[in-house]
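Take a look at the structure set out below.
Residue numbers begin at 1 in each chain, while the letters A, B, ... track the order of the sequences. Side chains included, hydrogens not; waters and symmetry mates left out as well; all remaining heavy atoms used. No experiment lies behind these values; they were computed from the predicted model shown.
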There are 2 protein chains.
Amino acid sequence: MTRPSDNPPQLVGWLKSLGMTKYEALVYIALLKVTSATASEIHELSGVPRASVYPVLDQLRDKDLVSVSQSAPKRFAAIPPADAIDKLTARIGKNAQQALESLTLIHRERIAAEEGSGELIWNIYGIAGIRKRLAELITHATTDIRIIAHSRVFSEEIKDLLKQCADQVSVEIITPSWEGPVPATMNLYLKKPSVLPKELEGCGDMLAGGVCIIDNKKVMVIVGSAEEDAVALFSESEGFVRFFMRYYGLIVDWVRKA
Amino acid sequence: MTRPSDNPPQLVGWLKSLGMTKYEALVYIALLKVTSATASEIHELSGVPRASVYPVLDQLRDKDLVSVSQSAPKRFAAIPPADAIDKLTARIGKNAQQALESLTLIHRERIAAEEGSGELIWNIYGIAGIRKRLAELITHATTDIRIIAHSRVFSEEIKDLLKQCADQVSVEIITPSWEGPVPATMNLYLKKPSVLPKELEGCGDMLAGGVCIIDNKKVMVIVGSAEEDAVALFSESEGFVRFFMRYYGLIVDWVRKA
DNA sequence: TAAATGTTGTTATAGCAACAACAACAGGTG
DNA sequence: CACCTGTTGTTGTTGCTATAACAACATTTA
């Protein structure tokens with residue numbers, strides 16, 4: 001009739017992350033394939049050991065995911081998937097909300113007792129994390145954004161964000177190449193790193209990664225160039241920011257002259 | 001400084017249902033209490049064994065819930081709770097959506113191959129489950145709702161639902177007592193079960209539970225009267241429905257005469 | 001009727017994987 | 001050396017997974 005193995009292999013995993021056990025998932029899936037079934041039928045349909053079917057059905061009934069008939073032998077039926085997922089996510093969502101309340105309470109308590117922002121330098125691993133953080137930075141920028149970076153850094157999402165905020169904040173970008181439209185309000189300089197002059201030697205390698213300065217307050221430096229092991233540093237530390245603003249100044253001066 | 005035990009005892013449980021382990025939760029909570037911390041500080045702050053702190057921090061970093069400083073020794077900081085909960089729920093929500101798609105696919109395949117609705121009688125255990133199912137039934141009613149039931153069954157939620165749909169569908173209710181306002185469009189009969197006439201003897205006990213008929217198609221019978229072990233039967237089976245519509249008719253005839 | 005057979009639902013228990021907790025050790029620093 | 005960091009490996013515990021065995025009951029067969 002219905003082959004038990006023609007469902008996505010990850011499906012059980014998905015359901016597990018929603019709070020079900022492997023057996024609960026298998027039994028529920030099996031019950032969806034029929035109008036109703038006895039424990040033994042469920043055992044055959046799901047592959048779950050017959051003896052394990054009973055406690056699992058109890059658990060599913062506790063979660064209101066199956067209903068039980070009055071007949072003997074008992075017959076079981078699954079509630080529609082939409083309802084089931086709703087019930088599961090509702091429970092998790094409730095937990096999430098309560099957790100959020102408690103956590104923000106703890107967090108606020110600390111934030112209140114805090115004077116200046118940290119003097120630390122943070123790591124961001126991987127190009128994905130870098131892009132994500134960069135997106136956050138761009139979103140929260142208030143006065144100006146200045147970026148020197150390899151084109152690889154500019155994902156579609158980041159280009160979109162830059163376009164959106166180019167009206168409100170000053171945007172200046174130096175990169176080897178740029179695909180797609182460029183807003184008029186955005187200052188874009190295209191420069192190959194290979195044509196850097198002698199006096200800036202050593203800085204060239206860095207163009208493979210990049211520097212991003214936000215509001216003259218926050219700096220993100222991309223130091224790993226290869227796609228696989230890209231690493232970025234981020235800091236709001238005064239000295240750190242001052243150094244890279246100086247570095248940025250060097251580059252941008254030369255770019256403007258050329 | 002901050003006592004580690006002044007957070008809700010269920011908080012760890014909530015976070016666990018969001019896919020974190022106990023240690024991950026403890027470490028994250030601890031990190032919220034400070035700007036940043038070394039592994040040893042986290043160990044003291046969270047109570048997690050020092051050696052376990054390192055792998056746990058790795059996991060948290062994989063989930064983008066903490067950032068790592070470049071300094072030696074490394075320092076760790078938590079991302080804001082709102083962001084963290086967002087990330088966790090987003091991942092689960094994605095799984096939920098994918099699971100839903102797969103499950104509905106399986107379900108539809110079965111529904112399509114199915115002729116009539118089931119001829120089975122289903123159990124609902126406990127007053128809470130009964131009320132929930134009753135609420136669903138009322139919500140999906142299209143033409144009429146008829147209920148004989150003890151007042152205990154009518155929770156505030158159910159009264160609200162009845163009020164809301166009293167305009168679109170015919171609503172008729174027989175119950176010993178009713179608190180709160182009664183919509184004009186709703187037919188409400190107040191009858192004590194004790195004054196039932198001789199010819200309906202034996203039906204009296206049932207008033208302690210109740211009968212609910214929806215659209216002349218679905219019937220729910222509440223057979224256990226006590227709060228603790230209330231049990232309801234539900235069926236769309238033709239014979240079952242016919243029997244209880246007849247039973248309902250007996251009662252309602254007598255009620256109208258009185 | 002009595003014995004044999006099969007099914008349902010329950011209980012006990014062994015196996016297993018992930019997590020939790022601890023001990024030990026190399027490297028670095030004052 | 002004494003101390004701290006970061007890593008590794010071992011052990012204990014827990015909860016899910018899996019199998020076996022059993023009592024209760026109905027059905028079949030001699």
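- Candidate nucleotides C/dA21, C/dG9, C/dT8 were compared by shortest atom distance to the side chain of A/Lys74, and C/dG9 ranks first.
- Distance check: B/Leu100 CG to A/Leu11 CG gives 10.5 Å after rounding to the nearest 0.5 Å.
- Taking atom CG on A/Leu60 and atom P on D/dC16, their separation rounds to 13 Å, with Å as the unit.
- Whole-Å rounding puts the B/Arg75 CZ to D/dG6 C1' distance at 16 Å.
- With C/dT8, D/dG6, C/dC22 as the candidates, the nucleotide lying closest to the side chain of B/Pro73 is D/dG6.
- A salt bridge is defined here as a Lys NZ or Arg NE, NH1 or NH2 lying under 4.0 Å from an Asp or Glu carboxylate O, and A/Arg75 with A/Glu41 meets this definition.
- Picking from D/dT17, C/dA20, D/dT5 the nucleotide with the shortest atom distance to the side chain of B/Lys22 gives C/dA20.
- Counting only heavy atoms from C-beta on, A/Tyr54 has its side chain closest to C/dT8 among C/dA21, C/dT8, D/dG6.
- When rounded to the nearest whole Å, the span between CD of A/Glu44 and C1' of C/dG6 equals 14 Å.
- Between A/Lys16 and B/Thr38, the one whose closest nucleotide on DNA chain D sits nearer the 5' end is B/Thr38.
- Atom CG in A/Asp58 sits roughly 17 Å away from atom P in C/dT8 (whole-Å rounding).
- The nucleotide whose nearest atom lies closest to any side-chain atom of B/Ala51 is, among C/dG9, C/dA21, D/dT7, D/dT7.
- Heavy atoms of B/Thr21 sit under 4.0 angstrom from primed sugar atoms or phosphate atoms, though from no base atom.
- What separates NE2 of A/His43 from P of C/dG6 is a distance of 16 Å, to the nearest Å.
- Annotation: A/Phe240 is in aromatic contact with A/Phe244 [ring centroid separation under 6.0 Å].
- For A/Met20 and D/dG15, the CE to C1' distance is 17 Å, given to the nearest whole Å.
- Nearest heavy atom pair, residue B/Ala78 against residue B/Leu32, reads CB-CD2, 4.0 Å.
- In this structure, A/Arg50 atom CZ and C/dT11 atom P are separated by 14 Å, rounded to whole Å.
- Ion pair B/Glu24/B/Lys63 flagged as a salt bridge, since at least one NZ, NE, NH1 or NH2 atom sits closer than 4.0 Å to an Asp/Glu carboxylate oxygen.
- Contact annotation: side chain of B/Ser52 to base of C/dA20, donor-acceptor pair absent below 3.5 Å.
- When distances are taken from the side chain of B/Ser40 to each of C/dA20, C/dT8, D/dT5, the shortest belongs to D/dT5.
- Spacing between atom CG of A/Leu26 and atom C1' of D/dT17 amounts to 11 Å, rounded to whole angstrom units.
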